Every structure is written in C-alpha cells, then in structure tokens.
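Since the structure comes first, as structure tokens, the remarks are kept for the end.
We number each residue from 1, following the sequence as shown. Note that the structure is predicted; figures quoted are calculated from it, not measured.
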Amino acid sequence: MPACEAMKILIADDHWVVRESLKQVTKSLDTSFQTVEAASFHDALSILREDKDIGLMLIDLIMPGFQEFEGLRLLRCEFPETPIVVVSVHDDPDHVMQSIAHGVIGYIPKSAGAEDIKTSLAKVISGDVSFPRHIIEKSYASITPELQSLGTSTSNNELDSLTSRELQVLKTIGSGASVSKAAELLSISAQTVRVHLGNVKRKLSLSTKEEIVHYAIQNAQQIGKR
C-alpha cells in the first residue's frame, strides 16, 4: 500500500480520546493525510460504502455493532481492497493471531507507547506490515487447527520447492520481523532477504509481503518441522 499525499484514513473507535490520539499520530507522519472518524461499526460501514477513497482503516475490536472476528470477516468480504489495522486493548496471542488470519496488515495494542504506535503506522502506510513480534513468537509454535483453517493450507510439495534459506526467511518474516530485522537475525544482507522473498513469492504463488506473513502463520506447524 504505497503512501500518497491525499491518503484518507478511517479511524473507527467508540472512544473519542482514542480517535483523537490516532488522528494526531497520523498527522505527525504527514500533515496532508485526511482522517475520517466513526464511533460505531455501523458508521464505519456507511463511510466505507459511500467513500471509495479510504486508503487505510484503523479499527478497534471492541465497539458498538462490531463482533470482533465476525466483523473482520465482513470487512474483508465487502471491502477486500481496503487495508485494515487493528488497534485494540487486547494484547494476547489469540486476538493477534486470529486478526492476522482474517487478513489485517497490522495489529497495534493500545498498551503500546506513542512512539511504537507511530512506528507501526509508518510501516503500514509505507506498504509494509506491522505486528507485535513478541506476541507472535509466543504463539508461533501453537497455532490451533481452527486458526489454520481460516487460511489456505499448504502441501508438502509446495514447501519442498523452497531451499533451507528460503524457509528460514519465510519463518522469520512470518514471525513479524521486518526485512532489516530478518537480515540481522539471519546474518545476511537486506537485499539477500528481498531476493529470497522474491523466490518464495514466485514458488508459492504469493503476491505481497502481507500474503507471505499470513501464509507463514497459517502453515507454521509444517514450516517448523523442516
């Protein structure tokens, strides 16, 4: 999701203080960003249906009319091209992993500091994904069958096509690491990570880093056995 001067961001949260805080953070990243606010899920849906220029949606999992993951399913079904970032009071692995499995590109706990929130939003606005890596790592080895069933499961033949280094990159990126962090963890250059990611995308028929993260999480158990 490339950044643009006229990006319009929908902030959906029933607490005006949270909406105002997120609005100030987005403005600190770029004063040209336009923000639209919704205090209920009904209002958010009305805005999305009427305004086709929404470039990013920030939404709380707890708000009037929004039934957490059922709400995310509805959003992904009706507005598949609108990037969604969850900003939630929940900071447990289950909420984070299930949100990721429902196609969000970012998850920001409300307990995060102002600078962490700013960094996360900067990443998603620039076209990256942003998930709380420390939470993902806790649950990476214990993905439930129910969670895996929300995405497309892989076959052994698909993973067999990947080299050992490509599998390492897939697992590292899937754990929420950025390209630069993956390079540091694997002791290779960022450009080499990008090359491996390109190979992974081609071999697994994936298009974006977001899809790679979802794939890695949904197939964590199989990847971890290799």
Side-chain angles (χ1 to χ4, degrees), residues 1-90 95-96 98-110 112 114-132 150-151 176 178-179 201 206-214:
M1 179 184 61
C4 60
E5 293 185 357
M7 176 179 285
K8 190 177 290 187
I9 302 173
L10 171 58
I11 302 174
D13 194 294
D14 59 327
H15 295 288
W16 72 268
V17 174
V18 174
R19 297 198 304 273
E20 183 63 27
S21 297
L22 290 174
K23 183 166 63 175
Q24 293 305 316
V25 172
T26 60
K27 288 293 185 181
S28 71
L29 293 171
D30 192 322
T31 56
S32 67
F33 289 154
Q34 302 177 45
T35 55
V36 183
E37 299 179 40
S40 70
F41 190 43
H42 177 269
D43 291 344
L45 288 176
S46 296
I47 292 170
L48 288 169
R49 287 165 180 162
E50 295 174 6
D51 192 339
K52 305 303 180 184
D53 294 326
I54 299 296
L56 176 66
M57 180 180 193
L58 310 180
I59 190 167
D60 189 4
L61 287 178
I62 302 177
M63 63 186 306
F66 190 64
Q67 299 179 3
E68 293 192 344
F69 308 118
E70 182 59 36
L72 287 179
R73 275 193 288 270
L74 190 156
L75 288 172
R76 299 320 306 144
C77 179
E78 188 169 349
F79 310 101
E81 301 302 319
T82 302
I84 297 173
V85 174
V86 168
V87 183
S88 177
V89 68
H90 294 297
H95 278 86
V96 175
Q98 289 218 45
S99 295
I100 293 173
H102 282 84
V104 305
I105 65 167
Y107 192 105
I108 304 174
K110 288 184 178 180
E115 284 305 311
D116 289 335
I117 293 175
K118 184 175 180 179
T119 298
S120 295
L121 287 180
K123 288 178 66 177
V124 297
I125 287 171
S126 67
D128 208 337
V129 294
S130 182
F131 303 116
L150 292 173
S178 63
V179 168
K201 289 179 184 178
L206 303 173
S207 301
T208 64
K209 184 182 176 185
E210 174 190 347
E211 290 181 0
I212 289 178
V213 172
H214 295 162

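Across all non-hydrogen atoms, the minimal contact from Pro83 to Gly55 is CD-O, 3.3 Å. Shortest non-hydrogen contact noted between Met57 and Ala12 is CE-CB, 4.2 Å. Closest approach of Leu74 and Phe41 over heavy atoms only: CD2-CZ, 4.4 Å. Shown here for Val124 and Gly106, the closest heavy-atom pair between the two residues is CG1-CA, 4.4 Å. In this structure, Ala38 and Arg19 approach most closely via the heavy-atom pair O-CD, 3.7 Å.
For Glu50, there are no salt bridge (charged side-chain N to carboxylate O under 4.0 Å, His left out) partners, not counting sequence neighbours. Applying the ring-ring contact (aromatic ring centres under 6.0 Å, His included) test to Phe79 and every residue at least two apart in sequence or in another chain returns nothing. Scanning for side-chain hydrogen bond (donor to acceptor under 3.5 Å, both in side chains) contacts around Asp51 gives Lys8, with sequence neighbours left out. By the side chain to side chain contact (heavy atoms under 4.5 Å, CB included) test, Ser88 pairs with Asp60, Leu61, Val86, His90, Tyr107, sequence neighbours left out. Among residues two or more places apart in sequence or in another chain, the ring-ring contact (aromatic ring centres under 6.0 Å, His included) test is passed with Phe131 by none. With sequence neighbours left out, the side chain to side chain contact (heavy atoms under 4.5 Å, CB included) criterion links Glu20 to Trp16, Lys23, Gln24. When the salt bridge (charged side-chain N to carboxylate O under 4.0 Å, His left out) test is applied to Lys118, no partner is found at least two apart in sequence or on another chain. Every residue two or more places apart in sequence or in another chain was checked for a side chain to side chain contact (heavy atoms under 4.5 Å, CB included) with Pro80, and none qualifies.
Atom-to-atom distance recorded for Leu10:CG and Ile59:CD1 is 7.5 Å, nearest 0.5 angstrom. Here the CZ-CG distance, from Phe66 to Asp13, works out to 11.0 Å after rounding to the nearest 0.5 Å. We find the CD1-CG distance between Ile108 and Leu121 to be 4.0 Å, quoted to the nearest 0.5 Å. Atom OG of Ser99 is separated from atom CD of Glu68 by 8.0 Å, given to the nearest 0.5 angstrom. Separation of atoms CD1 (Ile100) and CD1 (Ile105) is listed at 11.5 Å; rounding is to 0.5 Å. Separating the CD1 atom in Ile47 from the CD1 atom in Ile11 is a distance of 10.5 Å, to the nearest 0.5 Å.
Residues in residues 39-49 take part in these side chain to side chain donor-acceptor pair (under 3.5 Å) pairs, two or more places apart or across chains: Ser40-Asp43, Arg49-Glu78.
Between the side chain of Arg76 and the backbone N or O of Thr82, at least one donor-acceptor pair lies under 3.5 Å.
Side-chain contact between Ile125 and Ile9 is present, with at least one heavy-atom pair separated by less than 4.5 Å.
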